[in-house]
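Below is one structure; the comments refer to it alone.
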Amino acid sequence: MEPEKNTERKKETSSHFIKAIIDEDNRTGKHDGRVHTRFPPEPNGYLHIGHAKAIHLDFGLAEEYGGKCNLRFDDTNPEKEDMEYVEAIKKDIQWLGYDWEDRLYFASDYFDQMYEYAVQLVREGKAYVCSLNDEEIRQYRGTVTEPGRNSPYRERSVEENLQLLERMKNGEFPDGAHTLRAKIDMAHPNMKMRDPLIYRIRHTYHYRTANNWCIYPMYDYAHCLEDSIERITHSLCSLEFEVNRPLYDWFLDELRVFHPQQIEFARFNMSYTIMSKRKLLRLVREGYVNGWDDPRLPTLSGLRRRGYTPESIRSFMDRVGVAKTESIVDYALLEFFIREDLNRRTPRVMAVLNPLKVVIDNYPEDLTEEMEAVNNPEDAAMGCRSVPFSKVLYIEREDFMEDPPRNFFRLAPGREVRLRYAYFIRCDRVVKDPDSGEIIEIHCTYDPETKGGNAPDGRKVKATLHWVSATHSIPAEIRLYDKLFLQENPEDVAEGEDFLTKLNPESRKILKGCFLEPGLQDINPGDTFQFERMGYFCCDPDSTPDLPVFNRTVTLRDTWARIQQKNQE
RNA sequence: UGGGAUGUCGUCUAAUGGUAGGACAGCAGACUCUGGAUCUGUAUGUGGGGGUUCGACUCCUCCCAUCCCAACCA
């Protein structure tokens, strides 16, 4: 009865209001059952996990309904956009596992068509050239409580408008001298309908159309036409465009062209991070993080470098759902999905982050034994490996306490624990630095009868520790990451206060002098492991043949950490 | 304030007039050579007031709270 369970589960996670709309459209035959979506990024920044929600929705819905999804770059503002972003965005979408096949489009491909439509609007008396400057336009627009006033240029003749528009296009005017505006209603209660701008003059080089154009279409005019030209059926966007929808509809209706339906859903937010492109750009530009792929960032490139898998992000998005309620998703949910994914796929390995030297006094000086270790207890097919054991070892510093509280199970003077896949050891003696009092090394004795990790007499230990052999281990650098911000919603700041004040000064901790078991000699950036008891780690591109570098993707669920916290309280 | 939208466990999300359900987080326990994983159990919610109805998260009404719109950004 497994399959039935699966269907039930899928149903749980995937019913939402947009599907209800599509189902209804299909029922009434609105688009002959056709479903065609698009993901329309502006190439002015890197994609983040908020975009992943939109991508997952746009591509996922098309797939589910046997339709298509276009990738379309909304490149109507050459001042902010760049080809670098186009390539990064394509890479991220592919990494997430989506395919636009041969449908890669650019809004700039439609500039001629858009201009023709604009001429049509002017001919029909539905648009005019306005010569107010930006300050005047703002004043004439009124406010949310007061109606605007008509522009003095609103009643220019069709002939004059046609001529001026042509001259705007030909580059006869400087930036800002004129605009083309829709003639709607300056007293409209919806501000977006108060004679919105259609074209503005910008003598700017465009990375795709070069200097062919010096007028560029505004979002509201361009976007609906892009959708219409591509015969998109369902045009999904975020909630803040709700007020733009009447305008979207107005242009398409007045032009009498194919009319897609705009549907708005709530943007994705997550606790302790930010999604604002502007703010992300600031963190990158001003050096608060190291580039767009800094593992602390919620960018897809950052998450990838951190060790997140596309599968985990997609499962996460399924669970997050789609609705119109604005929300902030707990980052712990994302962590749940990456743990779930990595738990079943990553090999286990032993690595000591903060080494404490252990000398096994009764172990032969020159002996090395190979211990058999399981690669993944969740997946027997991943097999076993052998790990060298010798007289001098490193264990995790936090696995030893000289004077432990009663609920500390690990090593302490007189206490016996198991070294994973090796022997039981008992701590006999602690060596300290006479000046600082810091513990330098501990001396233990091992029980030869417990080889492999089990006692023939059946006695139990309360803890199993990971370890590496001092002479065989390889040094490494390990980078630990924590929340980028200290506040659950970093956007929530007092008047005049900067979101930067909410940055977590300890969001990254770089550990040098860590040791890995020797099997990690030949690895590549991007390889992921579970360091037993410590978490999931991903090999960073900064690695060199001499010094592998790892990023901690996420810790294991840590019951001991919670107990410690309670102890403190 | 004019217009547009949204309010369901701590968080996210189902239930469209008929038992308020799931996931994460939490708590308790079982098991364990990872204080991991797994398994079991468990507490917590319909923004508020009226109304319609045998019955309301759902319909009506008033109120409250939050978000969006006054870029030649998208």
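Order of the sequence lines fixes the chain letters, A, B, ..., with proteins taken first and strands second; residue numbering starts at 1 for each chain.
- Using modelled atom types and a 3.5 Å distance limit, the side chains of A:Ser312 and A:Ser315 yield no donor-acceptor pair.
- Between the side chain of A:Arg319 and the base of B:rU13, no donor-acceptor pair under 3.5 Å is found.
- One cannot find a donor-acceptor pair under 3.5 Å joining the base of B:rG35 and the side-chain atoms of A:Arg562.
- Taking atom CG of A:Leu556 as the reference point, atom P of B:rU38 lies 11 Å away to the nearest angstrom.
- The distance from atom CZ of A:Arg552 to atom CG of A:Leu353, rounded to the nearest 0.5 Å, is 8.0 Å.
- Partners of A:Tyr153 under the ring pair (Phe, Tyr, Trp, His ring centres under 6.0 Å) rule, at least two apart in sequence or in another chain, do not exist in this structure.
- For an aromatic pair to be called close, the ring centres must be under 6.0 Å apart, and A:Tyr216 with A:Tyr199 fails this.
- The residue A:Pro147 sits apart from the nucleic acid: no heavy atom pair falls under 4.0 Å.
- Using a 4.0 Å heavy-atom distance criterion, A:Arg557 is classed as a sugar-phosphate-only contact.
- Rounded to whole Å, atom P of B:rU34 lies 15 Å from atom CH2 of A:Trp467.
- The closest side-chain donor-acceptor pair between A:Asn44 and A:Asn77, if any, does not fall under 3.5 angstrom.
- Going from atom CZ of A:Phe268 over to atom C1' of B:rU11 covers 12 Å, rounded to whole Å.
- Checked against the 6.0 Å centroid threshold, A:Phe550 and A:Phe537 do not count as a close aromatic pair.
- Rounded to whole Å, the separation between the C1' atoms of B:rU46 and B:rU13 comes to 13 Å.
- Note on A:Phe408: a base of the nucleic acid sits closer than 4.0 angstrom, heavy atoms only.
- Applying the ring-ring contact (aromatic ring centres under 6.0 Å, His included) test to pairs two or more places apart or on separate chains, those with a residue in residues 318-339 of chain A are A:Tyr272-A:Tyr331.
- Rounded to whole Å, the P atom of B:rU40 lies 15 Å from the corresponding atom of B:rC31.
- Across all strands shown, A:Arg410 has heavy atoms under 4.0 Å from base atoms, whether or not it also approaches the sugar-phosphate.
- Counting any heavy atom pair closer than 4.0 Å across all strands shown, A:Tyr216 reaches no nucleic acid atom.
- Atom-to-atom, CZ of A:Arg415 to P of B:rG35 comes out at 14 Å; the value is rounded to the nearest Å.
- Centroid-to-centroid, the aromatic rings of A:Phe409 and A:Trp560 stay 6.0 Å apart or farther.
- Of the C1' atoms belonging to B:rU38 and B:rU32, the separation is 9 Å, rounded to the nearest Å.
- Judged by distance alone with a 3.5 Å cut-off, a donor-acceptor contact links the side chain of A:Gln530 to the base of B:rU34.
- Taking syn as a glycosidic angle within 90° of 0, B:rA23 does not qualify and is anti.
- Among the heavy atoms of the strands lying under 4.0 Å from A:Phe409 is at least one base atom, whether or not backbone atoms are also near.
- At a cut-off of 3.5 angstrom, the base of B:rG36 holds at least one donor-acceptor pair with the side chain of A:Glu378.
- Inspection of the A:Glu84 and A:Tyr46 side chains reveals an N or O donor paired with an N or O acceptor under 3.5 Å.
- Contact annotation for A:Leu419: no contact, since no heavy-atom pair falls under 4.0 Å across all strands.
- Within 4.0 Å (heavy atoms only), A:Val322 reaches sugar-phosphate atoms of the nucleic acid but no base atom.
- In the set B:rG36, B:rU13, B:rA5, B:rG36 carries the atom at the smallest distance from any side-chain atom of A:Arg348.
- For B:rC24 and B:rA37, the P atoms lie 12 Å apart once the distance is rounded to whole Å.
- The interatomic distance linking A:Gln565 (CD) with B:rG26 (P) rounds to 11 Å, in whole Å.
- Atom CD1 in A:Ile563 sits about 12 Å away from atom P in B:rG26, given to the nearest Å.
- Between B:rG10 and B:rG51, the two C1' atoms lie 33 Å apart (nearest whole Å).
- Nearer the 5' end of RNA chain B, as judged by each residue's closest nucleotide, is the contact made by A:Ala323, out of A:Ala323 and A:Glu532.
- For A:Phe17 and B:rG7, the CZ to C1' distance is 15 Å, given to the nearest whole Å.
- Within residues 349-356 of chain A, no residue places a heavy atom under 4.0 Å from RNA chain B.
- In this pair, A:Phe111 and A:Trp213 present their aromatic rings perpendicular. The plane angle is above 60°, beyond the 30 to 60° band.
- In terms of position on RNA chain B, the residue among A:Asp558 and A:Ala332 whose nearest nucleotide sits closer to the 5' end is A:Ala332.
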Start with the C-alpha gap between A:Phe241 and A:Tyr248, add the side-chain angles, then the distance that decides, and say whether ring-ring contact (aromatic ring centres under 6.0 Å, His included) holds.
CA-CA 10 Å; A:Phe241 292 101; A:Tyr248 183 102; 9.9 Å; no
Step-by-step side-chain contact (heavy atoms from CB on, under 4.5 Å) determination, A:Tyr221 to A:Leu247:
CA-CA 8 Å; A:Tyr221 178 69; A:Leu247 187 49; over 6 Å; no
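- Scored by the side-chain hydrogen bond (donor to acceptor under 3.5 Å, both in side chains) test, A:Ser276 finds no partners at all (sequence neighbours excluded).
- For B:rC12, the OP1/OP2 oxygens have no side-chain nitrogen or oxygen of A:Lys324 closer than 4.0 Å.
- B:rA43 sits 33 Å from B:rU53 when the C1' atoms are compared, rounded to a whole Å.
- Residue A:Thr559 places at least one side-chain N or O closer than 4.0 Å to OP1 or OP2 of B:rG36.
- If you take CD of A:Glu24 and C1' of B:rU16, they are 14 Å apart, rounded to a whole angstrom.
- Spacing between B:rA14 and B:rG26 at atom P, rounded to whole Å, works out to 24 Å.
- With 3.5 Å as the limit, one finds a donor-acceptor pair spanning the side chains of A:Gln262 and A:Glu264.
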Under 4.0 Å protein heavy-atom contact, by nucleotide of nucleotides 64-74 of chain B - B base, S sugar-phosphate only
---SSBBSBSB
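- B:rG18 and B:rG55: their P atoms are spaced 14 Å apart (whole Å).
- In RNA chain B, runs of at least 3 stacked Watson-Crick or G-U pairs (N1-N3 plus N6-O4 or O6-N4, or N1-O2 plus O6-N3, all under 3.5 Å) give these stems: B:2-7 with B:64-69, B:10-13 with B:21-24, B:26-30 with B:38-42, B:47-51 with B:59-63.
- Side-chain atoms of A:Asp318 and A:His56 form a donor-acceptor pair, as typed in the model, at a separation below 3.5 Å.
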